[in-house]
**Student:** 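Quick one: this structure, given as structure tokens, is what I'll be asking you about.
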Amino acid sequence: VQELQGQLLELQGQAPGLQGQALEPQGKALELQVQALELQALDLQEQALELQALGLQEQALGLQGQVLDLQEQGLELQAQVQELQGQLLELQGQAPGLQGQALEPQGKALELQVQALELQALDLQEQALELQALGLQEQALGLQGQVLDLQEQGLELQAQVQELQGQ
């Protein structure tokens, strides 16, 4: 730009008739400024996309943590179900004379069925969270691809600026 300004002064000193040609270096200087601003904008856009991708990855990790918690709860419930099934078999095998007390194991059997349904619900919830986490990871990868595209555009613009500066 300084070289172009020097040429401009030289042209202005030569003759008033060269003023038309003197506008060309100013135009190139403005083009360079515009491209420098475009590069800054691309850089900011790229940083914003990188932050967004990081945020999505954090959300996906959080969901995976919830999935692990649900799996742990499911294992605890399965252990309780097995314990109650063992108690039920023990009570059933003791004596037919305990039929009055046999209502209690039936209640426990109903509890077992309820807990089995809860396990199924936990399993479905866990699958839904896993699918959600996968979706967020896919979004994060897409954003990282956009960031790479922007970096490539920035390099192309820098090459154009250097070429114009050479002129």
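For this chain, numbers begin at 1 and follow the sequence in order. What you are looking at is a predicted structure, and each value in this text was computed from that prediction instead of being measured.
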**Student:** Applying the side-chain contact (heavy atoms from CB on, under 4.5 Å) test to L4, which of Q165, Q26, K28 qualifies?
**Tutor:** K28
**Student:** If we only count heavy atoms from C-beta on, is the L77 to Q80 side-chain gap below 4.5 Å?
**Tutor:** yes
**Student:** Can you see which heavy atom on A109 is nearest to which on L88, and at what distance?
**Tutor:** CB-CD2, 4.2 Å
**Student:** Taking the side chain as everything from C-beta on, heavy atoms only, tell me whether L61 gets closer than 4.5 Å to E58.
**Tutor:** no
**Student:** If I take atom CG from residue L39 and atom CG from residue L155, how far apart are they, to the nearest 0.5 angstrom?
**Tutor:** 9.0 Å
**Student:** Let me confirm one number: the CG-CD distance from L42 to Q153, rounded to the nearest 0.5 Å.
**Tutor:** 5.5 Å
**Student:** If you define the side chain from C-beta out and look only at heavy atoms, does anything of Q57 sit under 4.5 Å from Q144?
**Tutor:** yes
**Student:** For the CG atom of L143 and the CD atom of Q52, what is their distance to the nearest 0.5 Å?
**Tutor:** 5.0 Å
**Student:** When rounded to the nearest 0.5 angstrom, what is the spacing between CD in Q158 and CD in Q35?
**Tutor:** 11.0 Å
**Student:** How long is the straight-line distance from CD of E118 back to CD of E111, given to the nearest 0.5 Å?
**Tutor:** 10.0 Å
**Student:** Taking atom types as modelled, find out whether D43 and Q47 have a side-chain donor-acceptor pair closer than 3.5 angstrom.
**Tutor:** yes
**Student:** Distance check, rounded to the nearest 0.5 Å: Q59 atom CD versus L136 atom CG?
**Tutor:** 5.5 Å
**Student:** Taking atom CD of E152 as the centre, does the number of heavy atoms from other residues, nucleotides or ligands within less than 6.0 Å exceed 12?
**Tutor:** no
